[in-house]
Every structure is written in structure tokens, then in C-alpha cells.
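The first residue in the sequence is number 1, and the count goes up from there.
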Amino acid sequence: MINAIFTVKGGYVLGFEISGHSDFSEQGSDIVCSAVSSAAYMTANTITDVQQLNAEITVNDGFMKLSLSKQDAKTAEVILNGFLLHLNALKEEYKEFIKVKISEV
């Protein structure tokens, strides 16, 4: 299962942590993992390369963590909220394979 945890403070998403594999199908043809991975990389790349914000990013096999300061989270608000919305939509479609949690700090 893919677990996505979004860290929220004062109404702003400060970052996210995604871990696991969906096991929807074989590695290399798993559309659920591909959808989540693609959206996560697009979000991270937009924040760092397009918006040029300072984000702490860690990536390993089946894991991505992105953290922002509150000020940078305000600037990245639209992309982070869009990513959260996208993952919630995927979760509704693939309930057995994705879990999304909000962690208030």
C-alpha cells in the first residue's frame, strides 16, 4: 500500500511523505504507483525548479519526502493543495492501494 502523509500547520501544507508500493500489478506496469510517482515528482520539480523554492527532498526506492518552510509553503500553496487533491482522487478510485493522511503540527 502507498501511504501519503501531508504535514499541515496553520492551514498550509508544509510538505509530504510518500512511502510504499501499491502492489496493484507487477512492477513496471503498476498504474497506481506510476500515477502517484509522476504526480509527486511533478510537484517536487515545480516547487524547486519552476518556483525556485528551497525544499528539503529525500528520495529512495518507494519513498519521497518533501519539506518546506512556512513562508515557502505559502508560495507553493496551489501546487501542494493540487497534489493533495489529486492523491485524494486516486485514493477514492483505488481505496485498497492508497492511504492519505493529514498530520497537523
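Both I57 and V36 sit in one connected hydrophobic cluster of ILVMFWY residues. Membership requires side-chain heavy atoms under 4.5 Å apart, directly or through other members. Residues F83 and F63 do not share a hydrophobic cluster, defined by chaining ILVMFWY side chains whose heavy atoms lie under 4.5 Å apart. Taken together through direct or relayed side-chain contacts under 4.5 Å among Ile, Leu, Val, Met, Phe, Trp and Tyr, V100 and M1 form parts of separate hydrophobic clusters. Hydrophobic clustering (ILVMFWY, side-chain heavy atoms < 4.5 Å, transitive): I5 and I79 are in distinct clusters. Neither L14 nor V8 shares a network with the other; the hydrophobic side chains, linked directly or stepwise wherever heavy atoms of I, L, V, M, F, W or Y lie under 4.5 Å apart, form separate groups for each.
Between atom CG of residue D23 and atom CD of residue E96 there is a gap of 12.0 Å, rounded to the nearest 0.5 Å. Rounded to the nearest 0.5 angstrom, I98 CD1 and C33 SG are separated by 8.5 Å. Considering NZ of K74 and CD of Q71, their distance stands at 5.5 Å, rounded to 0.5 Å. The structure places CG of N88 at 13.5 Å from CD of E93, a figure rounded to the nearest 0.5 Å. If you take OG on S103 and NZ on K9, they are separated by 12.0 Å, rounding to the nearest 0.5 Å. The CE atom of M64 sits 8.5 Å away from atom OG1 of T43, with the distance rounded to the nearest 0.5 Å.
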Practice item. Could you give me the CA-CA distance, side-chain angles and deciding distance for F97 and K91, then say whether side chain to side chain contact (heavy atoms under 4.5 Å, CB included) is met? Key: CA-CA 7 Å; F97 304 98; K91 177 189 76 168; over 6 Å; no

Review point. Does the pair T75 and Q51 meet the rule for a side chain to side chain contact (heavy atoms under 4.5 Å, CB included), with working shown?
Key: CA-CA 8 Å; T75 304; Q51 293 184 306; 4.2 Å; yes

Practice item. Evaluate the side chain to side chain contact (heavy atoms under 4.5 Å, CB included) criterion for residues F6 and L87: first the C-alpha distance (whole Å), next the side-chain angles of each, then the deciding distance (0.1 Å), finally the verdict. Key: CA-CA 11 Å; F6 286 80; L87 284 190; 3.8 Å; yes

Exercise for review: Quick one: do I47 and L68 satisfy side chain to side chain contact (heavy atoms under 4.5 Å, CB included)? Show the steps, please.
Suggested key: CA-CA 10 Å; I47 288 169; L68 293 165; 4.0 Å; yes

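Annotation for H86 and A39: closest pair CD2-CB, 3.5 Å, computed over non-hydrogen atoms. When every heavy atom of I2 is checked against every heavy atom of G20, the shortest pair comes out as CG1-O, 4.0 Å. Of all non-hydrogen atoms in A4 and I18, the two that sit nearest each other are CB-CG1, 4.1 Å.
No more than 12 heavy atoms of other residues, nucleotides or ligands shown are found within 6.0 angstrom of CD on E26. Under a cut-off of 6.0 angstrom, the local environment of CG in N54 is sparse, with at most 12 non-hydrogen atoms contributed by other residues, nucleotides or ligands.
Every residue two or more places apart in sequence or in another chain that forms a side-chain hydrogen bond (donor to acceptor under 3.5 Å, both in side chains) with S22 is listed here: D30. In terms of the ring pair (Phe, Tyr, Trp, His ring centres under 6.0 Å) criterion, Y12 has no residue partners (sequence neighbours excluded).
The aromatic rings of Y94 and F24 lie perpendicular to each other, with more than 60° between the two planes, well past the 30° mark.
E17 is not listed as a side-chain neighbour of N3, based on a closest heavy-atom distance of 4.5 Å or more.
Side-chain N or O atoms of S25 include one that pairs as donor or acceptor with a backbone N or O of S29 at under 3.5 Å. With hydrogens and angles disregarded, a donor-acceptor distance shorter than 3.5 Å links the side chain of K95 to the backbone of E92.
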